[in-house]
Amino acid sequence: MLKEVQEVKVGGRTRRVHVRPFAWNLHAPTHMEWTPDGRLLVVERTTGKVKDVTKGGDMEEAKPFAWGLQGPSSMCPLPDGRFLITEFWGGRIRDITQGGDARKSDVLAEGLQAPYSLVYDERRQKLSVTVSEGRRSRADVLIDLQTGQTEPLVKDIPLFPPPGFEDVSSPPDDPKRKRGIAVFAGCNDWKKVNRVPELPYGSLLTVAEYLLGVPDAGGPFTFGELLEHHCLASGLNFTGGMIDDPLNPEITYITQPLRGSVIAVNVRDQGDYRHQPPVVSGLPMVSCVRISQNGEKMFACSISGGVVWVIEGFSPLEA
């Protein structure tokens with residue numbers, strides 16, 4: 001059960017974290033992102049819409065920012081001001097900078113299998129997107145924005161279905177066995193840009209219980225190589241979306257959907273987080289987290305609840 005005021009112990013001190021609904025009546029919100037002009041957008045996976053929740057409130061009748069998408073998933077701003085989105089079911093990356101009917105918008109890449117998490121790798125100056133590469137594995141792929149050419153970055157990322165769904169597979173009427181992949185592919189791995197200059201990673205990747213660094217040079221890498229040599233945290237619980245603290249990029253906030261919590265990870269300490277208390281809990285199937293630019297507010301969306309929550313008092317800097 002969600003408590004609107006939660007007490008969290010940090011460094012021997014008790015801090016009060018305040019939680020309240022910010023936007024509600026959303027349909028399967030799975031991902032949020034800030035636009036270059038400061039709007040907070042959230043995707044509705046099942047309706048094919050993207051909604052502007054900057055002002056909060058009841059979103060049931062709110063006019064969408066963009067619509068006509070096939071399984072909208074991860075959104076990504078580019079340095080030149082463009083705003084991109086992946087279509088998980090459509091296999092595309094679109095430019096929705098202008099909003100409106102997305103079916104009329106530019107397509108940057110297509111023919112991708114279940115594309116999900118999307119970031120702009122600032123060090124490589126390329127798009128980085130996770131896709132399915134087979135029935136039991138995923139891959140991280142780089143896309144050149146100038147030529148459209150793709151190249152592998154991380155291969156053989158194993159699929160880790162949520163506990164209780166390990167035996168789910170494609171139905172017999174699915175000859176190419178694609179639907180079994182689509183059930184879990186997007187919930188398996190999430191990416192973010194690394195903003196700690198001293199760390200040699202262009203991006204970070206969560207897979208199941210691990211936070212991994214993806215080197216900013218070389219490759220392609222395998223999941224096994226990253227796990228052995230570039231594991232930044234372990235002991236997490238079926239991870240979801242993540243974002244760093246704008247005031248302290250060493251701190252990355254990661255959602256744990258099955259636990260309904262958000263945990264803070266220091267990307268420098270390579271720690272085991274099995275017994276680390278979360279910064280907030282009680283958020284049903286929390287999938288994505290974003291932080292306001294001043295670092296004072298955390299926004300977290302709940303797939304099953306159809307709610308975006310706002311959390312205050314969470315930052316270690318406020319303790």
Side-chain angles (χ1 to χ4, degrees), residues 1-4 6 8 17 19 21-22 24 26-32 42-46 71 73-74 88 114 116-117 130 132 136-138 157-169 179-192 204-212 223 227 231-244 251-267 271-291 298-311 314:
M1 181 178 295
L2 176 68
K3 294 182 179 180
E4 293 188 359
Q6 303 182 15
V8 181
V17 177
V19 187
F22 178 74
W24 52 92
L26 292 157
H27 298 269
T30 60
H31 185 81
M32 300 178 293
V42 60
V43 303
E44 289 187 327
R45 173 70 63 81
T46 54
S73 299
S74 181
F88 185 68
Y116 199 74
S117 190
T130 55
S132 288
R136 297 189 180 277
S137 64
R138 300 271 291 164
I157 302 172
L159 281 175
F160 292 97
F165 290 85
E166 292 87 352
D167 295 327
V168 173
S169 61
R179 275 184 281 171
I181 299 171
V183 172
F184 302 115
C187 300
N188 186 66
D189 45 79
W190 297 67
K191 293 177 61 61
K192 70 173 288 293
L204 307 182
L205 176 70
T206 58
V207 181
E209 65 175 276
Y210 306 107
L211 175 65
L212 308 173
F223 169 78
L227 184 59
C231 183
L232 303 180
S234 61
L236 302 169
N237 183 268
F238 198 78
T239 52
M242 56 181 168
I243 197 67
D244 55 71
I251 301 298
T252 289
Y253 297 102
I254 303 177
T255 66
Q256 301 181 118
L258 298 183
R259 286 188 174 174
S261 64
V262 180
I263 192 169
V265 169
N266 189 314
V267 297
D272 184 333
Y273 284 80
R274 282 177 293 180
H275 305 296
Q276 179 76 16
V279 297
V280 63
S281 58
L283 308 177
M285 287 300 291
V286 57
S287 62
C288 185
V289 60
R290 289 294 179 262
I291 312 292
M298 172 185 290
F299 298 88
C301 62
S302 168
I303 302 173
S304 59
V307 175
V308 173
W309 306 91
V310 60
I311 299 105
F314 61 91

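In this text, all values refer to a predicted model and were calculated from it rather than measured experimentally.
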Shortest non-hydrogen separation from [X] to [Y] and the atoms involved:
{"X": "Cys301", "Y": "His31", "result": "SG-N, 4.0 Å"}
{"X": "Leu26", "Y": "Glu44", "result": "CA-OE2, 3.4 Å"}
{"X": "Trp309", "Y": "Ser302", "result": "NE1-CB, 3.8 Å"}
{"X": "Cys288", "Y": "Thr30", "result": "CB-O, 3.5 Å"}
{"X": "Val307", "Y": "Pro29", "result": "N-CG, 4.2 Å"}
{"X": "Trp190", "Y": "Gly241", "result": "CE3-CA, 3.2 Å"}

(request) List in chain and number order the residues that pass salt bridge (Lys or Arg N to Asp or Glu O under 4.0 Å) with Glu209, two or more places apart in sequence or in another chain; answer none if no residue qualifies. (result)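 Glu209 satisfies salt bridge (Lys or Arg N to Asp or Glu O under 4.0 Å) with no other residue.
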
So, taking the atom named [atom1] in [X] and the one named [atom2] in [Y], what distance separates them when rounded to the nearest 0.5 Å?
{"X": "Leu283", "Y": "Ile303", "atom1": "CG", "atom2": "CD1", "value": "12.0 Å"}
{"X": "Asn237", "Y": "Ser261", "atom1": "CG", "atom2": "OG", "value": "7.0 Å"}
{"X": "Tyr253", "Y": "Ile243", "atom1": "OH", "atom2": "CD1", "value": "11.5 Å"}
{"X": "Leu159", "Y": "Ser137", "atom1": "CG", "atom2": "OG", "value": "6.5 Å"}
{"X": "Tyr210", "Y": "Thr239", "atom1": "OH", "atom2": "OG1", "value": "11.0 Å"}

Measuring only between side-chain heavy atoms, which start at C-beta, is [X] closer than 4.5 Å to [Y]?
{"X": "Lys191", "Y": "Tyr116", "value": "no"}
{"X": "Ile251", "Y": "Asn266", "value": "yes"}
{"X": "Ile157", "Y": "Leu205", "value": "yes"}
{"X": "Val308", "Y": "Val310", "value": "no"}
{"X": "Gln256", "Y": "Val262", "value": "no"}
{"X": "Tyr273", "Y": "Ile263", "value": "yes"}

(request) Decide side-chain contact (heavy atoms from CB on, under 4.5 Å) for Leu212 and Thr206; before the verdict, give the C-alpha distance in whole Å, the side-chain angles of both, and the deciding distance to 0.1 Å. (result) CA-CA 6 Å; Leu212 308 173; Thr206 58; over 6 Å; no

(message) Quick one, Val17 with Val279, criterion side-chain contact (heavy atoms from CB on, under 4.5 Å). Give me CA distance, side-chain angles, the key distance, then yes/no.
(response) CA-CA 8 Å; Val17 177; Val279 297; 5.7 Å; no

(request) Kindly say whether Ser117 contributes a backbone atom to a donor-acceptor pair with the side chain of Thr130 at under 3.5 angstrom? (result) yes

(request) Indicate yes or no for a side-chain donor-acceptor contact from Arg290 to the backbone of Met32 under 3.5 Å, with no hydrogens or angles considered. (result)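 Flag set: sc Arg290 to bb Met32 pair under 3.5 Å.
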
(request) Would you please test Leu211 and Met242 for side-chain contact (heavy atoms from CB on, under 4.5 Å) and show each step? (result) CA-CA 10 Å; Leu211 175 65; Met242 56 181 168; 3.7 Å; yes

(message) I'd like to check the ring pair (Phe, Tyr, Trp, His ring centres under 6.0 Å) partners of Phe22; sequence neighbours left out, ordered by chain and number.
(response) Phe299

(message) For a side-chain contact (heavy atoms from CB on, under 4.5 Å) check, start with the C-alpha distance between Leu258 and Met285, then their side-chain angles and the critical distance, and finish with the verdict.
(response) CA-CA 6 Å; Leu258 298 183; Met285 287 300 291; 4.0 Å; yes

(message) Check whether Phe238 forms a cation-pi arrangement with Arg259 (NZ or CZ under 6.0 Å from the six-membered ring centre, at most 45° off the ring normal).
(response) no

